[in-house]
Q: 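Let me give you the structure first, and then I'll get to my questions.
These values consider heavy atoms only, across backbone and side chains, with no hydrogens, waters or symmetry-generated copies. First the proteins, then the strands, lettered A, B, ... as listed; each starts at 1.
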Amino acid sequence: MRAQPFVVLDGIAKRWNGALGVQDISLTIEEGSFVALLGPSGCGKSTTLRLLAGLETPDEGQIIIDGADVTHRPASGRNLSMVFQSYALFPHLSVAENVMFGMKVRRVPKAERLEKLRRAMEITGLLGFEDRKPNELSGGQRQRVALARAIVAGQRLCLMDEPLSNLDAKLRHAVRKDIKNLQKDLGITVVYVTHDQTEAMSMADKVVLMRDGEIQQVGTPEQLYNQPENTFVAEFVGAPPMALIEGHALSGFSDVPTIGVRAENIALAEAGQGDLQCQVSDCEFLGAETFIGLEHPQAQGLTLKVAGLKNIPAGQVIDITLARETLLSFDKEGRKISASPQK
Amino acid sequence: MNKHASQERRRRAIYGYLLLTPAAVLLSLFAFYPSVATLWSSTFSRGTRRNPTEFVSGGNYSDLFNDPTFWLVVKNNLFYAGITIPLSMFIALSMALWANSKISAKGFVRTAYFTPTVLPMIAAANLWLFFYTPGLGVLDQIGALFGLPSVNWLGQPETALWAIIIVTVWKESGFFMIFYLAALQTIPADLKEAADLEGASRWTYTRRIVLPLLMPTTLFIGVNAMINSVKLIDHLFILTKGGPSDSTKLILYYIWEMAFAYFDAPHAAAMTIMVLLVLGIIAAVQFFYMDKRTHYQ
């Protein structure tokens with residue numbers, strides 16, 4: 001018999017004055033997993049997190065955490081901690097007081113409080129900063145204070161609402177690893193909201209991609225990358241995103257409305273021998289490789305990856321071949337067509 | 001130094017002084033010079049036809065210290081300040097917390113609380129005169145419904161100062177509420193959410209988070225309330241004229257009376273100097289001492 005999942009969202013809907021917030025959100029989260037809610041701004045990912053946290057009440061549906069129906073329980077009764085996008089640190093309290101705020105509220109004995117504080121400071125590398133006020137810390141340090149505050153709460157479920165979006169790119173990369181390691185070491189379950197697909201793909205065990213208040217696809221990063229359910233997923237995930245080609249532009253695919261292909265499955269071909277003839281629009285040098293943007297009247301997002309530095313003048317016409325066995329087919333509405341049986 | 005650089009620096013200095021000039025002229029004319037002149041005239045005796053004005057140094061001050069009315073006025077004013085300042089600040093804060101929460105007709109509530117502040121002092125005092133009038137007044141009319149005897153609120157020493165205090169609190173708390181309301185709105189909503197998640201009660205959140213964050217506002221309001229408590233005079237003209245038997249006489253009213261009813265300018269000047277001195281000291285203490293314990297964002 002399979003154990004019940006740690007967190008269950010069942011048919012959740014939330015509307016704001018009639019306007020759609022999220023709808024039909026059904027999701028299960030295993031204990032100890034790292035789940036990313038991914039999507040463009042306004043897709044409802046933050047709303048979903050706030051519904052889970054108990055900061056909003058759903059109009060429909062049911063939320064179960066650790067076997068208990070918490071749909072109408074206040075945030076404090078859900079046994080979870082949260083890291084806010086703005087960190088939500090109390091500006092007049094020192095780092096130590098910020099971290100210990102919850103324990104003081106819950107009347108944890110002083111010795112235990114100090115011990116937990118010390119451990120959290122150690123884990124987040126903030127030892128020596130206990131007496132600073134938040135405005136005397138850098139963005140990355142504030143972010144770690146917010147993490148420390150979530151850690152000392154000792155909850156098994158931790159929600160994070162775009163915790164890295166206020167950090168610069170380099171720091172973001174470092175903290176990303178820290179968060180992932182922390183989650184593994186503490187064995188906690190993390191639900192993580194982000195609009196950055198790299199973050200979601202690199203950290204999560206399970207990615208939930210949302211658009212316009214609805215879930216588009218749930219799966220491992222690998223599934224989202226290689227088997228997108230629809231063209232939205234295909235174009236949102238991956239850098240560069242999947243290229244979409246109208247079927248009739250390719251010989252042998254005239255009955256398929258849209259073909260999807262990843263950049264790594266596109267190769268340069270001899271003149272006149274490729275599947276498609278395209279014009280070069282730009283070259284983007286990334287160090288180890290160069291992305292060559294291509295233009296074709298029946299395709300969008302075509303990118304050719306070439307090792308090392310390669311500079312092809314814009315406007316030059318080149319031929320490319322596509323690795324046939326990796327092509328994905330989508331129907332008129334953009335949904336994936338499962339491999340046809342006669343193949 | 002480079003000739004152009006030093007020229008440029010002088011030009012900037014002149015520019016800066018020019019910008020300061022209008023304020024400096026106005027302040028000197030209407031604040032600094034009068035203060036010094038007051039200090040000067042407080043050290044001279046009052047001239048009469050037989051005794052011309054002469055220098056008495058601290059004579060006027062020791063006269064005041066020996067004047068029982070002066071001490072009564074000081075006592076009245078301390079009592080008045082001691083009640084009105086905390087009470088109006090407390091009511092202002094409570095109203096602000098309430099008007100800032102998720103209630104219906106928020107705009108109406110805010111406007112209603114602010115109305116007393118908009119009314120001119122004299123009009124407001126006349127309004128309250130109507131409330132307090134024995135027999136005819138609203139208070140007595142309501143009292144009569146419950147069979148209570150008619151009370152001359154403003155006419156007896158035991159209740160007169162309290163009646164003045166109530167008018168002041170009614171007038172001031174709406175004004176202070178606006179400051180608290182503005183400060184409350186700068187507190188980000190996610191602080192409340194973070195506290196909620198930690199299981200903090202509404203009271204804990206207010207006490208540990210909101211009140212400390214409101215400290216700069218509280219300090220500002222405190223200083224203002226204190227200055228106002230010494231500045232009050234308009235109500236007294238309409239409501240009691242300092243009576244009965246000096247029970248509602250406050251410091252500024254006594255100064256006015258001294259200067260323009262008894263024509264004793266030197267003693268009025270001496271009192272003014274003492275008020276300035278005390279206010280200055282209190283404001284300095286509030287700012288320098290409390291400032292250290294206040295968090296500014």
Q: Rounded to the nearest 0.5 Å, how far apart are CG of D190(B) and CZ of R50(A)?
A: 8.5 Å

Q: Please classify the contact of R149(A) with chain B as side chain, backbone, both or neither, using a heavy-atom distance under 4.5 Å.
A: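 Backbone plus side chain of R149(A), per the 4.5 Å heavy-atom cut-off to chain B.
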
Q: Contact part of A189(B) toward chain A, heavy-atom cut-off under 4.5 Å: side chain, backbone, both or neither?
A: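 Neither the backbone nor the side chain of A189(B) comes within 4.5 Å of chain A.
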
Q: Indicate yes or no for a side-chain donor-acceptor contact from R106(A) to the backbone of E198(B) under 3.5 Å, with no hydrogens or angles considered.
A: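 Yes, R106(A) side chain to E198(B) backbone: donor-acceptor pair under 3.5 Å.
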
Q: For S76(A) and G199(B), which heavy atoms make the closest approach, and how far apart are they?
A: CB-CA, 3.4 Å

Q: Please examine the side chains of M215(B) and H92(A), heavy atoms only from C-beta on, and report whether any two atoms are closer than 4.5 Å.
A: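 Sidechains of M215(B) and H92(A): no contact.
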
Q: When you look at CZ of F79(B), are more than 12 heavy atoms from neighbouring residues, nucleotides or ligands closer to it than 6.0 Å?
A: yes

Q: Which value, rounded to the nearest 0.5 Å, describes the distance between L93(A) atom CG and L213(B) atom CG?
A: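 Interatomic distance, L93(A) CG to L213(B) CG, rounded to 0.5 Å: 8.0 Å.
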
Q: With a 4.5 angstrom heavy-atom cut-off, which part of L89(A) approaches chain B: side chain, backbone, both or neither?
A: backbone

Q: Supply the atom-to-atom distance F90(A) CZ to Y205(B) OH, rounded to the nearest 0.5 angstrom.
A: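 It is 8.0 Å, given to the nearest 0.5 Å.
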
Q: How many angstroms lie between atom CG of L191(B) and atom CZ of F84(A), to the nearest 0.5 angstrom?
A: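 Result: 9.0 Å between the selected atoms.
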
Q: Any side-chain heavy-atom pair from R208(B) and K104(A) closer than 4.5 angstrom?
A: yes

